[in-house]
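A short worksheet on the structure shown next.
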Amino acid sequence: MTENYYTRLAETGIRPSIQRVAIYEYLCEHHTHPTVDMMYEALSPSYPTLSRTTIYNTLKLFSDNGLIQTIQIEEDKLRFDADITPHLHFKCIKCGQIYDIFNTNNLQTINSSCCSLLPTDFIAQKIQTNMWGICSNCSVNSSNTSDQDKLH
C-alpha cells in the first residue's frame, strides 16, 4: 500500500520522502481528522527524527497541492482530511468525534445557495460546511438529553 501513497505524492509533484509518505499514509488510513499533535504522537515512535514542524509543513504542502483538506471545526485546532471529495463535517459535542457526511445532491444545493449570497463579482473558491450536535452513539447512550440540547 505504501507504494500507492508514494505514487500519489509523486503524481501531485511532491517529492515522496519517507516522512511525507508516512504522514500521507496515516491520513489516508485514519479517518479521524487528526491534528498535528495526534499525528506526531502516532508517528514519532516509528520516525524518531520526525518533528511537529515537519508534520505541519508537510500538511501545508499537501493542502497547497490539493492532496488533503484542512478543517477548521474547532477554534484552537486545525484538523486534516485526506478525503478531498466534496462532503460536510459533523462534530459531536459530547464525544468529540468528527464524522464525514456525504450527500452530493444536497451539498450542491447548499454550495449554490452560499454562492448566491455573494455580492456581484465575488467568486467563492472554497466552501466548507461544518455542523455540531450529538451523534447517534451519544444520543442513544444518553437518556438525559433535553430538548434544549437538540438543534432544530
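In the hydrophobic clustering of this structure, I84 does not group with L67; members are Ile, Leu, Val, Met, Phe, Trp, Tyr whose side-chain heavy atoms approach within less than 4.5 Å, directly or through other members.
When all heavy atoms are compared, the tightest approach of L27 to P34 is CD2-CG, 3.6 Å. Q128 and Q69 make their closest contact through NE2-OE1, 4.0 Å (heavy atoms, listed as atom of the first residue, atom of the second, distance). Taking both residues in full, the closest heavy atoms of P48 and P45 are given as CD-O, 4.4 Å, listed atom of the first, atom of the second, then distance. The minimum heavy-atom distance between C92 and C135, with the atom names listed, is SG-N, 3.3 Å. Minimum heavy-atom separation, Y5 to E25: CE1-CG, 3.2 Å. When all heavy atoms of W132 and N130 are compared, the closest pair comes out as CZ3-O, 3.4 Å.
Note: S44 OG to M39 CE = 12.5 Å, rounded to the nearest 0.5 Å. Atom-to-atom distance recorded for K91:NZ and I98:CD1 is 5.5 Å, nearest 0.5 angstrom. Distance CD1/I73 to CZ/F90: 9.0 Å, rounded to 0.5 Å. Here the CG atom belonging to L50 is positioned 6.0 Å from the CG atom belonging to L43, to the nearest 0.5 angstrom. If you take CD1 on I18 and OH on Y6, they are separated by 10.0 Å, rounding to the nearest 0.5 Å. Interatomic distance, OH of Y24 versus CD1 of I14, reported as 8.5 Å (0.5 Å rounding).
Side-chain contact of D81 with H89: a donor-acceptor pair under 3.5 Å is present, judged by distance alone. Using a 3.5 Å distance cut-off with no hydrogens or angles, the side chains of T54 and S51 do pair a donor with an acceptor. There is no side-chain donor-acceptor pair under 3.5 Å between T35 and D37.
In terms of modelled atom types and a separation under 3.5 Å, the side chain of S63 and the main chain of K60 share no donor-acceptor contact. Although no hydrogens or angles enter the test, the distance criterion places a donor-acceptor pair under 3.5 Å between the side chain of R79 and the main chain of H33. Under the 3.5 Å distance criterion, the side-chain polar atoms of T12 are matched with a main-chain donor or acceptor of L9.
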(message) Is there a side chain to side chain contact (heavy atoms under 4.5 Å, CB included) between I134 and K94? Walk through the geometry before answering.
(response) CA-CA 6 Å; I134 300 170; K94 289 201 179 222; 3.7 Å; yes

